[in-house]
Amino acid sequence: RESYSGSRGLRKVFAVAHWPGLYRDEQGQLVDVRPVEGRPSYDQFMRRTEAELFDLLAAAYEGQLAELGDRARLSADEERYRQDLRRELKELQRKSSFLQLFTPKMQAPMETCSTCTADPP
């Protein structure tokens, strides 16, 4: 698909397939019109905790394994890749569970007692 705007100083761009909001111009330069908030970037990743990053990576590995699992036959390279993914996922899960040992737990809010007074005597 193409996008073109005439005389307002805009340039002709071509949509990047499967990437909403990303376009390439005639020189091959990437034009990103996605909202800055929430768009994948280095800054967005740096704001995430290590546990969140492990979860994202695990979801990506699981998605790739599911994609490979849907195929009837795999080439030797694809089979090696699947084995590597399984090994990496297992290692990631091990690291994630180790990290959870040192992650502070959220404290439940304290319940108030109906017979307690707000001000101590």
Side-chain angles (χ1 to χ4, degrees):
R1 293 181 9 207
E2 294 183 28
S3 247
Y4 179 73
S5 268
S7 62
R8 295 190 311 177
L10 302 176
R11 58 187 179 211
K12 186 175 188 175
V13 294
F14 305 89
V16 177
H18 308 292
W19 295 93
L22 293 180
Y23 300 88
R24 291 220 178 260
D25 66 12
E26 292 173 335
Q27 287 77 40
Q29 294 292 103
L30 186 66
V31 178
D32 189 351
V33 296
R34 298 173 296 173
V36 173
E37 188 63 35
R39 132 172 100 184
S41 68
Y42 177 79
D43 293 336
Q44 293 293 329
F45 279 113
M46 290 305 293
R47 291 181 186 156
R48 294 186 182 260
T49 65
E50 198 169 2
E52 289 175 313
L53 293 173
F54 280 152
D55 291 342
L56 286 172
L57 188 54
Y61 284 165
E62 289 165 354
Q64 291 178 36
L65 285 168
E67 179 73 25
L68 288 171
D70 290 343
R71 297 188 184 171
R73 305 189 86 168
L74 295 176
S75 70
D77 286 339
E78 289 171 328
E79 186 57 45
R80 272 194 304 277
Y81 182 64
R82 179 166 51 183
Q83 290 171 359
D84 289 345
L85 278 174
R86 285 180 178 155
R87 187 183 68 251
E88 290 290 329
L89 180 58
K90 190 177 283 189
E91 177 68 14
L92 180 67
Q93 290 168 337
R94 186 188 64 75
K95 287 179 181 179
S96 180
S97 62
F98 181 76
L99 177 67
Q100 288 177 0
L101 293 173
F102 301 101
T103 303
K105 306 288 186 258
M106 296 275 300
Q107 290 184 343
M110 295 184 63
E111 294 182 26
T112 57
C113 175
S114 61
T115 59
C116 299
T117 60
D119 297 321

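The figures here come from the full heavy-atom set of this structure, side chains too, leaving out hydrogens, waters and symmetry mates. What you see is a predicted model; the values in this text were computed from it and never measured.
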**Q** Supply the atom-to-atom distance Ser41 OG to Arg34 CZ, rounded to the nearest 0.5 angstrom.
**A** 9.0 Å
**Q** Answer whether the closest heavy-atom distance between the side chains of Thr49 and Phe54 falls below 4.5 Å.
**A** no
**Q** Starting from the C-alpha separation in whole Å, work towards a yes-or-no answer on side chain to side chain contact (heavy atoms under 4.5 Å, CB included) for Tyr61 and Arg86.
**A** CA-CA 8 Å; Tyr61 284 165; Arg86 285 180 178 155; over 6 Å; no
**Q** Is there a path from Val13 to Leu30 through hydrophobic residues (I, L, V, M, F, W, Y) whose side chains come within less than 4.5 Å of each other?
**A**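 Val13 and Leu30: separate clusters.
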**Q** CZ of Phe14 to CG of Leu22: how many Å apart, nearest 0.5 Å?
**A** 15.5 Å
**Q** Let me check something: do Leu92 and Leu53 share a hydrophobic cluster, defined by ILVMFWY side-chain heavy atoms less than 4.5 Å apart, either directly or through other members?
**A** no
**Q** Kindly work out whether a path of hydrophobic side-chain contacts (I/L/V/M/F/W/Y, heavy atoms less than 4.5 Å apart) joins Leu85 to Leu89.
**A**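 Same cluster.
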**Q** Can you tell me how far the CD atom of Glu79 sits from the CG atom of Asp84, to the nearest 0.5 Å?
**A**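 These two atoms lie 10.0 Å from each other.
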**Q** Please assess Lys12 against Asp25 for the test salt bridge (charged side-chain N to carboxylate O under 4.0 Å, His left out), listing each intermediate value before the final yes or no.
**A** CA-CA 6 Å; Lys12 186 175 188 175; Asp25 66 12; over 6 Å; no
**Q** Hey, is the main chain of Gln93 close enough, under 3.5 Å, to the side chain of Ser97 for a donor-acceptor pair?
**A**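 Yes: the side chain of Ser97 pairs with the backbone of Gln93.
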**Q** Counting distance only, does the side-chain N/O of Glu78 pair as donor-acceptor with the main-chain N or O of Ser75 below 3.5 Å?
**A** yes
**Q** Please round to the nearest 0.5 Å and tell me the distance separating atom CG of Asp55 and atom CD of Glu62.
**A**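 Those atoms lie 9.5 Å apart.
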**Q** Under the criterion side chain to side chain contact (heavy atoms under 4.5 Å, CB included), I'd like the reasoning laid out for Leu57 against Glu88: C-alpha separation, chi angles, the key distance, then a yes or no.
**A** CA-CA 10 Å; Leu57 188 54; Glu88 290 290 329; over 6 Å; no
**Q** Between Arg24 (side chain only) and Gly28 (backbone N and O only), is there a donor and an acceptor less than 3.5 Å apart?
**A**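 Between the backbone of Gly28 and the side chain of Arg24 there is a qualifying donor-acceptor contact (under 3.5 Å).
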**Q** Would you please name every residue forming a side-chain hydrogen bond (donor to acceptor under 3.5 Å, both in side chains) with Gln64, sequence neighbours left out?
**A** Tyr81
**Q** Hey, mind stepping through Arg11 and Val31 against side chain to side chain contact (heavy atoms under 4.5 Å, CB included) and telling me if it holds?
**A** CA-CA 10 Å; Arg11 58 187 179 211; Val31 178; 3.3 Å; yes
**Q** Can you list everything that forms a ring-ring contact (aromatic ring centres under 6.0 Å, His included) with Tyr42? Sequence neighbours excluded, please.
**A**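 Checked Tyr42 against ring-ring contact (aromatic ring centres under 6.0 Å, His included); zero matches.
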